[in-house]
Every structure is written in structure tokens, then in C-alpha cells.
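Notes follow once the structure below has been shown.
Everything numeric in this text was worked out from a predicted model, so none of it was measured. Chain letters run A, B, ... following the sequence lines, proteins first and then strands; every chain starts at 1.
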Number of protein chains: 2
Amino acid sequence: MARASIHNRQDSLERALHLFWQKGFHATSLKDLEKALDMRPGSIYATFGSKDGLFQEALERYARLGLAELDRTFQAYESPLAGLAAYLRALGGICDKELPSRACMLVKSLLELGERESIARDKAEALLAGMEARFVDRFAEAKKVGELDSRLDPVLLGRRLQAEIMGLRAFAQRDVDSAAVHALAEDMAQSLEALRADEVAEIV
Amino acid sequence: MARASIHNRQDSLERALHLFWQKGFHATSLKDLEKALDMRPGSIYATFGSKDGLFQEALERYARLGLAELDRTFQAYESPLAGLAAYLRALGGICDKELPSRACMLVKSLLELGERESIARDKAEALLAGMEARFVDRFAEAKKVGELDSRLDPVLLGRRLQAEIMGLRAFAQRDVDSAAVHALAEDMAQSLEALRADEVAEIV
DNA sequence: TATAAAATTGAGTAATCATTCAAGTTGTCA
DNA sequence: TGACAACTTGAATGATTACTCAATTTTATA
């Protein structure tokens with residue numbers, strides 16, 4: 001005995017995510033959202049509570065999809081190091097895809113949000129920490145299976161990889177050739193592969 | 001036969017830069033600027049034309065100061081590679097300084113600004129291209145003096161370094177220990193130093 | 001088919017936004 | 001000292017902001 005919703009929550013969230021990722025939190029107005037979601041203010045507020053709340057849900061969706069893609073890449077490679085390198089190489093093709101932005105939405109949010117949006121900023125921080133943890137885990141796994149020299153620190157390597165990815169994607173946000181980004185990612189991937197235990201043995 | 005200005009243009013610009021760097025373009029309101037510059041709207045507009053114009057001047061000042069610091073570091077080291085490594089290590093201490101933001105203002109702007117602020121965004125892009133050019137120059141110099149293996153590409157290395165710095169500073173924007181950022185910068189500096197011709201010879 | 005509950009609407013709110021400009025202030029030089 | 005020019009002021013502008021809520025529409029069930 002109730003009216004059914006004409007909007008799919010996930011679909012609305014996906015549209016909002018697209019807009020927020022492209023324009024950022026501040027530059028995305030409720031007018032923009034109304035148009036993109038084809039919803040009137042009342043419906044948006046009834047569904048998501050506030051612009052801030054909608055943004056936070058969009059952030060979570062972004063991170064969830066990103067982590068899923070990461071895991072998909074990892075699962076395709078038995079070797080942890082190979083999986084990490086493949087993920088980097090895939091990022092090299094970021095300019096070829098049609099995305100709202102080449103930069104990571106978590107990083108965009110981290111850099112844009114201030115005290116007034118501290119909850120969303122903290123959420124972005126937590127999600128970035130989660131990504132870092134996955135990288136660290138993968139490096140730890142590589143160490144366990146003997147791919148990685150025992151003297152190397154998975155935590156440092158994980159952080160380093162996250163910083164490289166942040167940098168790669170920020171760089172890709174510049175008006176640069178797709179080829180330059182591919183070359184950059186390839187270079188990073190090779191640096192990562194050079195960590196293989198047998199190769200490290202030669203230079204340490 | 002004219003009234004002298006009570007405001008120092010450079011000083012006003014410095015205050016505006018502080019605010020824009022900290023909060024970003026959109027989150028910085030004219031009210032904020034009025035308070036920080038101790039100027040009324042009329043004076044601000046008479047001096048800088050518009051919020052956008054003021055932001056652009058702040059961007060240029062930021063880049064000018066940044067380039068000056070870069071050159072100062074380079075001049076302190078005869079070896080190009082050592083200068084680049086020293087610059088990275090200095091960035092490792094970014095969390096210890098009292099700055100408006102740990103992230104690069106050019107990157108923040110690149111990620112935040114959209115079509116509506118295209119002039120400022122293009123300016124940020126151009127300034128980043130200028131930074132990249134300095135890195136490339138320095139790597140080319142390293143190659144010329146034989147510090148760098150002749151098979152390595154200064155353009156790729158320059159871009160890679162810029163991406164690493166972008167990443168390092170974005171990472172430092174997270175709520176992380178100063179020690180972690182120091183370790184990250186040290187790791188990056190060592191990777192850079194590992195490019196020295198004599199060391200490369202062993203692994204290629 | 002009548003009822004009740006949920007979903008949607010969109011005009012309206014108060015606050016804030018960047019910007020303007022006429023009026024007032026101040027210092028310099030004739 | 002008088003007059004001019006530059007600088008500063010701050011109230012007012014209209015646009016836009018996020019958000020609210022009473023009224024309306026819709027639909028499943030009794």
C-alpha cells in the first residue's frame with residue numbers, strides 16, 4: 001500500500017558519482033544534480049539527505065568499484081608482482097578511456113575538501129588507506145612467495161606504489177599525449193618488476 | 001598629486017596565495033579575502049580586477065617562488081642528479097613545515113578547476129609544463145656530463161620525476177606520519193640516484 | 001473502489017555568492 | 001591653501017546557493 005519509486009537508487013548514485021568525479025564537490029550544484037538525476041530537490045533530499053550525504057555515498061561507490069577492479073586484476077595474475085605491474089600498465093591507458101576525470105576521485109576530494117566538509121574528507125582518507133593496505137598486502141604476499149627480497153619493506157613499497165599512482169593520474173590530468181602516460185606507466189611498471197628477488201640480488 | 005595606496009600589492013598577493021592554496025579556488029570566498037587582505041570589495045576589484053584574476057596572480061606567484069626554490073637547490077649541487085635527489089629529500093620534510101597545504105597548489109588547481117575557470121586552469125597547466133621542463137633540462141645536463149646512461153631518456157625521466165613529486169605531495173596531504181613521508185621521499189631519491197651511469201651499467 | 005502510505009513536486013526560504021559604483025577620504029603639488 | 005587625482009569605502013546588486021515543506025500524485029492493498 002505504497003507508491004513505488006520511479007528511480008533506481010544505484011543508477012541515481014552512478015549519475016551523481018559521474019558529476020562529482022568530473023566537477024568536484026564545490027563546483028557541482030544541486031541544479032546540476034537535479035538535471036543529471038532527473039529528480040526534483042525534494043526527492044533528492046528524501047533519498048540522500050543532503051548534498052554532503054550524496055557525495056559521501058558517491059565516494060564510497062567510487063572506492064568500491066575501484067577496489068573491485070583492483071582485485072580483478074590481481075586475480076588474473078598468480079604472481080603478486082605481476083598483478084601490481086599489470087595494474088600500473090592498465091592505468092597507462094587512462095587517457096584512452098572516456099572517464100569523468102583522469103585523476104583519482106579520492107585524491108581530488110582529499111585535495112579539495114576542507115574543514116567544513118571534514119566528514120567526507122575523512123572518508124576519502126579512510127578509503128585511500130584501504131587502497132594502500134591492499135597494495136601492502138600484495139607486496140607482503142610477494143615477499144612470502146619469495147618474489148620479493150626479504151630486505152624490502154612491504155609497507156614502504158605499498159605507500160610508494162600509492163604515491164606513484166596518485167602522481168601518474170594527476171599527471172594524466174594534464175593536457176598530455178596518451179603516449180606519454182603510457183610510457184610513464186610502463187616505466188613505473190618496470191621499476192616495480194625490477195624488485196624481483198633475483199634481480200635485486202645483483203644490485204644490492 | 002595622488003593618494004598613496006595603504007596596501008602593498010605583493011603582501012596582499014601573498015595573503016591571497018595563502019588562502020587560495022589552503023582552501024582552493026571555490027571554497028575561498030570574497031568575504032574570506034576581504035578579511036585576509038583587510039580590504040573592502042571595491043579595493044580588491046580596483047587592484048586585481050576579479051576573484052579569478054587575483055587567483056591567477058596568486059598561481060603565478062606560487063610558481064615563481066617554487067621555481068626559485070628549485071633553482072636554489074640545483075645551484076647548491078654541482079651534480080645534476082645530486083641536485084634532483086636533494087630536492088626530493090627536501091620535499092620529504094614537507095609535513096614538518098607550516099604550509100597552507102602539503103599538496104602542490106598547481107596540482108590542486110589542475111584537479112579542481114573546470115571549464116568555467118579554464119583560463120586559470122590553463123595557467124596551472126602551463127606552469128606545470130614549465131616545472132617539467134626544468135626537470136628535463138636537469139636530466140639532460142646529467143646525461144651531458146656523463147652522470148646518466150646515454151640510453152636513458154631525459155624527457156621520460158623528467159615526467160617521471162614530476163609524477164613522483166605530484167604523488168609524494170598528494171600522499172603527504174593524507175593524515176600520515178611525517179616519518180612516512182620522509183621515508184617515501186628518501187626511497188624516491190635513492191631510485192633517482194640509482195640512475196647514475198656506473199650503477200646502471202651493472203643491471204642493463 | 002476506497003484508503004492509506006509512500007514518493008514526488010516545485011515554489012519558496014534565507015543565506016551567500018561575486019561584483020558594482022557613487023560617495024567619501026586622503027595625499028600631493030601648484 | 002585649494003584643487004585634483006588616486007584610493008578606499010560599503011551598501012546595494014542580481015544571481016546562485018543548499019535546502020524545506022505543504023500540496024499533489026501514485027499505487028498496493030484492504
Margin query: Whole angstroms only, please: what is the CE-C1' distance between M39(A) and dA6(C)?
Written below: 13 Å
Next item on the list: Grab the CG-P distance between L37(B) and dG10(D) for me, whole Å please.
Entry: 16 Å
Check: Distance only, no hydrogens: is a donor on one side chain within 3.5 Å (strictly under) of an acceptor on the other, for Q190(A) and E186(A)?
Finding: yes
Notebook entry, point to check: Hey, is the side chain of S43(A) poking within less than 4.0 Å of OP1 or OP2 on dA7(C), counting only N and O atoms?
Noted result: no
Notebook entry, point to check: Toward the 5' end of DNA chain D, which comes first, S5(B) or G49(A), by nearest nucleotide?
Noted result: S5(B)
Margin query: Just to verify, what does F139(A) make a ring-ring contact (aromatic ring centres under 6.0 Å, His included) with, not counting sequence neighbours?
Written below: none
Checklist line | For atom CD1 of I6(A) and atom C1' of dT9(C), their distance in whole Å | finding: 10 Å
Note to self: Does a side-chain N or O of H7(B) approach OP1 or OP2 of dT8(D) to a distance below 4.0 Å, or not?
What the structure shows: yes
Notebook entry, point to check: So which one's nearest nucleotide on DNA chain D is more toward 5', P41(B) or A4(B)?
Noted result: A4(B)
Next item on the list: Please report, rounded to the nearest Å, how far the P atom of dA18(D) is from the NE2 atom of H26(A).
Entry: 10 Å
Notebook entry, point to check: Counting just side-chain N and O atoms, does Y45(A) come under 4.0 Å of either OP1 or OP2 of dC19(D)?
Noted result: yes
Margin query: Rounded to whole Å, how long is the line connecting atom CD1 of I44(B) with atom C1' of dA18(C)?
Written below: 11 Å
Check: Below 4.5 Å, heavy atoms only, C-beta onward: do R169(B) and M166(A) meet side chain to side chain?
Finding: no
Protein N or O to nucleotides 23-25 of chain C N or O, pairs below 3.5 Å:
residue	atom	partner	partner atom	Å
dT25(C)	O2	R3(B)	NH1	2.7

Checklist line | Length of the CG-P vector between L30(B) and dA12(D), whole Å | finding: 18 Å
Next item on the list: Begin with the C-alpha distance, continue with both residues' side-chain angles, and end with the deciding distance and a verdict on side-chain contact (heavy atoms from CB on, under 4.5 Å) for L17(A) and L13(A).
Entry: CA-CA 6 Å; L17(A) 165 57; L13(A) 207 47; 5.9 Å; no
Item checked: C95(B) and R102(B), any side-chain heavy atoms less than 4.5 Å apart -> yes
Check: Between R116(B) (CZ) and dT17(D) (C1'), how many Å, whole number?
Finding: 11 Å
Check: If you look at every heavy atom in W21(A) and C104(A), which pair is closest and at what distance?
Finding: NE1-C, 4.3 Å
Item checked: Length of the CG-P vector between D52(A) and dT17(D), whole Å -> 16 Å
Check: For F171(B), is the NZ or CZ atom of R174(B) found under 6.0 angstrom from the centre of its six-membered ring and inside 45 degrees of the ring axis?
Finding: yes
